[in-house]
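Computed from heavy atoms alone, side chains included, the values below leave out hydrogens, waters and symmetry copies. Below, chains carry the letters A, B, ... as their sequence lines are ordered, and counting in each starts from 1. A quick note: this is a predicted structure, and the numbers were derived from the prediction, not measured.
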Amino acid sequence: MPELTYREAVRDALSTAMRQDEDVFIMGEDIAEMGGSMGVTAGMLDEFGKERVRNTPISEMALAGAAIGAAMQGMRPVAEIMYEDFLTLAAEQVVNQAAKLRYMSGGQLTVPVTFRTQGGAGWSPGAQHAQQLEAWFVHIPGLKVVFASTPEDVRGLLWSAIYDDNPVVFFEHRTLYPIKGDVPQEIEPIPIGRARVHREGEDVTVIATGRLLHESLKAAEQAEGDGISVEVVDPRTLQPLDEETLVSSVKKTNRAVVAHEAVTRMGFGAEVAAVLQYQAFDWLDAPIERVGAKFAPLPFAPVMEQFVVPHAEEVLAAIKRTVGKA
Amino acid sequence: MPELTYREAVRDALSTAMRQDEDVFIMGEDIAEMGGSMGVTAGMLDEFGKERVRNTPISEMALAGAAIGAAMQGMRPVAEIMYEDFLTLAAEQVVNQAAKLRYMSGGQLTVPVTFRTQGGAGWSPGAQHAQQLEAWFVHIPGLKVVFASTPEDVRGLLWSAIYDDNPVVFFEHRTLYPIKGDVPQEIEPIPIGRARVHREGEDVTVIATGRLLHESLKAAEQAEGDGISVEVVDPRTLQPLDEETLVSSVKKTNRAVVAHEAVTRMGFGAEVAAVLQYQAFDWLDAPIERVGAKFAPLPFAPVMEQFVVPHAEEVLAAIKRTVGKA
Amino acid sequence: MEHRTTLAKSDLHDVLREMLLIRRFEEKVEERFRAGELPGFLHVAIGQEASAVGVCRALEDGDVIASTHRAHGHTLAKGTHPNELMAELYGKQEGCSHGYGGSMHLFDVERGNMGANAVVGGGLPLVTGAALAFQMRGEPRVAVAFFGDGATNIGTFHEALNLAQLWTVPAVFVLEDNKWAESTPESQHSPIRDLSLRAKAFGMKGLKADGQDVEAVYKAARQALDHARSGKGPVFLHLDCVRFRGHYIGDPQVYRDKDEARRLAETRDPITRLREKLQLGDDEFADLDTEVTEIVEASVEFAKAGTDPAPEDALKNIYA
Amino acid sequence: MEHRTTLAKSDLHDVLREMLLIRRFEEKVEERFRAGELPGFLHVAIGQEASAVGVCRALEDGDVIASTHRAHGHTLAKGTHPNELMAELYGKQEGCSHGYGGSMHLFDVERGNMGANAVVGGGLPLVTGAALAFQMRGEPRVAVAFFGDGATNIGTFHEALNLAQLWTVPAVFVLEDNKWAESTPESQHSPIRDLSLRAKAFGMKGLKADGQDVEAVYKAARQALDHARSGKGPVFLHLDCVRFRGHYIGDPQVYRDKDEARRLAETRDPITRLREKLQLGDDEFADLDTEVTEIVEASVEFAKAGTDPAPEDALKNIYA
Ligand SMILES: Cc1ncc(C[n+]2csc(CCOP(=O)(O)OP(=O)(O)O)c2C)c(N)n1
Ligand SMILES: Cc1ncc(C[n+]2csc(CCOP(=O)(O)OP(=O)(O)O)c2C)c(N)n1
Ligand SMILES: [Mg+2]
Ligand SMILES: [Mg+2]
């Protein structure tokens, strides 16, 4: 099994798809010579040329919309929105067009477009460069929403996103690009809509996405030292949501913590909590804990930034609260 | 007590504020001669002139942003975004600018802007003209979010929104404009952040917004016929959320239904359910029910549209499920 | 197909018939809406038939269009049968969007109609993208966007045209400049009187035509399409048009001088104009009218006899 | 204050000092960033000092500016003390945004700085709105937006300028055209070579100046401000600028010819230019340099000695 960074894994999925398939191409701001603001597409210009590794002007609406239009004509574009914060600019096209075209046409159209984007705190980029907005897109019927947390997952899921006939909003987390992990020799598509149990446990289920998956795995390790057995599940795709895996885990452990970096209020954890309390009501021995960013824009000063977004510590505290060992 | 329609109540709040205060003005598409696409601002041009009843081009970003900029300079603009669907176009300005300017400046700025918008199903306007997107804005620290359901509330809350020193996203529901209700002679500001108990009951609490408040009141009436005593609460402001009122109601009734017209998945009801299961865990005798639109864009054909969005019937069914009389 | 740059004389009768069909179709839509039979928000393009017919006639097989909220004319001109369009307005399964779309969301993908759009400017980037796909695959196809004067104020318009020109994709952007955006006259929504300047900001080739003269529209569209198809880049086609009616059906037009519309209808009706050019006598015209009116009436019958979707059908077609 | 249209000779020394201070400040920022002392994403405007100083010098009391991600120069030129700016970059309470903002969110409301903006184009509608407020209240103030060539492609830019012109608000839109948007050269992001055309699409008055010549900038800015202030409407001020460094601090500039920046720094340095004009000898210049360098060093000391916010401070200032 080769080892790849998360960054390389994204690149590998893109490049492999582009090698095998003329319909796949990538577009976005500074993805060509510069290789993207996070270096994800570095080197791809040389291999594929500027038609298929297409730098765009700073025009989030039009670049998203052009990707949608090309997808309507049978291409499989992967459009990069440099930071999630700028999804707010492309929102009309993603939400009113991509998500609804198939439906409004009564099933005539398919829109196989992928929107890759990334964000995340950790480097003090400030309030307009690090938001996590995945919850918005989970609210929109017609979109699929992926948030991958490991090199293996990001590669297999991006592959599936590219070949999915629906628009997919694909979230990456900035701090994960350098992490390494084993991946299968050949790309194995990971089905959209299937959660991954990263660690089995008996006492509490932690459901976590993105960076918080890794924080949760750390917290689980620490909890084990305290004799708490933690199951850690990454939904990986937020839409469709693998409710079955989440619910059956909680039915086993009788306790749940949901963790993400986005603001807790109205974050993805709210939906998970609402689903779990409904479907596992009789199994729950404690209220479902939500761990997410505190209710503030992201501040600049590192001490404040670190205070706002959650870490293993907060996950561990939540775990302990659910098992009554706080 | 005079009787006003919801439409007149909105107009009364705007006009009264504009009469007493030169800093207040309204802007938006077709709000002048036409009086707005829903007739809300009809007649205001004659009274206040075109400077203060300011028609804008179709430029949602700039009209939202110009309102923000004017607010930064001490005006109190009320900008109308014709339909909620077009908030997707103004999202960058509302979310990255209005919501965060005070924070990013370390408290130097205030941004007393109000964004009025409306939407809602019922007339088959189709997928791009009737979305309910209030949940998006509840996720954004720095914004206040109001959704008013009666003439009295809409007038008193809009007044408070105009005079609030923070950006407020103010949702109206299209089907409510013609409804009538008593209002106090003089405008009484209704504090942002306070829920309203519309009906007291013992067996189950229905928490409902917008059109669904009225559907829930109907459902409560019907439930009473079946011997179920229903408390109906309208949060009115979604951000800040009056958790105390909601939680104490549920602690009394031990059951809860959350109802809104927006898509259930990742809708506002998810947040309410997450809060309630956490704060009233030991009091809950049944899982919290969520009533909202089915997971689909809004279809055109009336039979399908009616199927997608909820009515009293669905609220009643949810009430019955919670009390085990389904 | 022979490559023409102007409408052949022999086609003009057909063109008149098509414009008249659209006119009668929309008048019927107004009538049925007022009778309470049609749900939704509806916008007719009565008076603007020459733009729809002139442009669509100029297209080649394989070319595609994207339309706006004012889409009936474009849709018919692009080849959708009146039955299917009327059925859509009635929300029937037989409709061109199978009852999912409605007046502002008319699709006919097989016939190259990428769809009407209820978001002003919303379709423009899609057209840039479709044209990009044609370019990347080396297909000699053109993507055409219709939009109004009001749409030239929205950022989407600027971004989409800028991108199209930057990449020299085969697209034609057809501005139907009827001088109104709902109730807002052009002088209140645009600081410039000649909207052609908008395209200059991107260095895009611009063409202008009297949008009430179907022959002029055809000729300009043909030129624009040829330019785009030959790889020289997109074209901005500015059509000077007239909106005879209100913004939406039922619009009391309190904001508009009552005489204006009447005067314009008298002097700038594209149908009258072509009829006079063809020197069509009253009888001949009446025959034509009867013919198209029958088609329209039949479309109402067809629509009313159509199948209502089942409520649960609302849960189909969300994902592929 | 006397109304001048060009920089007085007697001011030029001061102007040089200010530009040099900004230069040394930003060089220090680069150094401290590389030393790992500064968090965040940072962009220096080294080479573009003339634009910041020339425009801000031309402002009257009460005028306001809005800046971009490349904001240090504008912020200093608008009067924020280097200590407060440096403290902000160190994330300290003494910073001009009290540690909440950082390099891309520099505010100094009291001094008329409405804020830097990390969203390209994000500040433009705010400037239109501020100018609208001035107009509605009859105040003789002007709102000024800085932005780059890359920003001319975003819809926000078009909408904001269009609205400003439509309403003839007192705004000046200053394009700092350094020919790059991150790694993307102008030829790859704009289909036109003369970005002045952008303003013509709205009928906006345009002015052009060599952005590397502070006197020319001042003169053009003065003209623009006078025009706007007198109620004649907004002005688009196109400055031909040069980016000497990478897009962000640490940018390896793999996309850029290594010689280009060097050559430009040699031939188009606004500081060298003014220094030569003033015929400043080496000693005199060295003195000036020492003077400003001391201020910069002191700002680092000030910043380092500043107070870190408490973690819980993050929950303040969210609402008024
Ligand atoms: C983004 C957006 N804003 C507002 C509206 C509401 N609206 C529908 S049509 C219209 C006017 C459009 O004017 P124009 O583009 O000139 O087209 P016309 O109606 O004249 O054909 C407006 C404001 C909309 N549909 N989309
Ligand atoms: C809406 C948006 N898209 C993308 C970015 C990322 N970004 C930051 S600066 C920049 C380039 C800006 O170029 P220009 O406007 O010319 O300003 P310059 O950096 O040259 O000063 C980009 C793409 C952003 N900040 N905002
Ligand atoms: Mg128009
Ligand atoms: Mg630049």
With only heavy atoms counted, which part of [X] is less than 4.5 Å from chain B, the side chain, the backbone, both or neither?
X	answer
Leu38(C)	neither
Thr156(C)	side chain
Ile318(C)	side chain
Asp251(C)	side chain

Exercise for the section: Evaluate the ring planes of Phe295(B) and Tyr319(C), with Trp represented by its six-membered ring, and classify them as parallel (under 30°), tilted (30 to 60°) or perpendicular (over 60°). Expected result: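 The rings of Phe295(B) and Tyr319(C) lie parallel, inter-plane angle below 30°.
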In Å, rounded to the nearest 0.5 Å, how long is the span from [atom1] of [X] to [atom2] of [Y]?
X	Y	atom1	atom2	answer
Leu315(C)	Lys294(B)	CG	NZ	7.0 Å
His98(C)	Met304(B)	NE2	CE	10.5 Å
Ser190(C)	Ile58(B)	OG	CD1	11.5 Å

Problem - CD/Glu313(B): more than 12 non-hydrogen atoms of other groups inside 6.0 Å - result: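 Incorrect, the count does not exceed 12.
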Exercise for the section: State whether the number of non-hydrogen atoms from other residues, nucleotides or ligands found under 6.0 Å of Lys304(C) atom NZ is greater than 12. Expected result: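 For Lys304(C), atom NZ is crowded (more than 12 foreign heavy atoms under 6.0 Å).
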Problem - Donor-acceptor side-chain pairing of Asp30(B) and Thr184(C) below 3.5 angstrom - result: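 Thr184(C) and Asp30(B) do have a side-chain donor-acceptor pair below 3.5 Å.
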Handout entry: Region of Pro297(B) that comes under 4.5 Å of a non-hydrogen atom in chain C
Key =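 Interface part for Pro297(B): side chain.
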Practice task
Go through the atoms of Leu45(B) and report whether side chain, backbone, both or neither lie under 4.5 Å from a heavy atom of chain C.
Solution key: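 Neither part, no heavy atoms under 4.5 Å.
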Could you tell me whether the side chain of [Y] reaches within less than 4.5 Å of the side chain of [X], counting heavy atoms only?
X	Y	result
Met34(B)	Glu182(C)	yes
Gln253(C)	Glu33(B)	no
Thr88(B)	Val119(C)	no
His105(C)	Gln128(B)	yes
Phe300(B)	Met104(C)	no

Choice from [options] maximising heavy atom contacts with chain B below 4.5 Å:
options	result
Tyr255(C), Tyr100(C), Tyr90(C)	Tyr100(C)
Gly122(C), Gly91(C), Pro39(C)	Pro39(C)
Asp308(C), Leu89(C), Asn317(C), Thr152(C)	Leu89(C)
Lys92(C), Glu88(C), Gln188(C)	Gln188(C)

Practice task
Could you tell me whether a side-chain N or O of Ser59(B) sits under 3.5 Å from a main-chain N or O of Asn153(C), the two making a donor and an acceptor?
Solution key: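 Checking the backbone N and O of Asn153(C) against the side chain of Ser59(B), a donor-acceptor pair under 3.5 Å is found.
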Handout entry: Atom of Phe307(B), atom of Glu312(C) and distance for their closest heavy-atom approach
Key =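 Nearest pair, atom of Phe307(B) first, then Glu312(C): CE2-CA, 3.8 Å.
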Handout entry: Over all atoms of both residues, closest heavy-atom pair of Ala314(C) and Ala296(B)
Key =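 For Ala314(C) versus Ala296(B), the nearest heavy atoms are O-CB, 3.6 Å.
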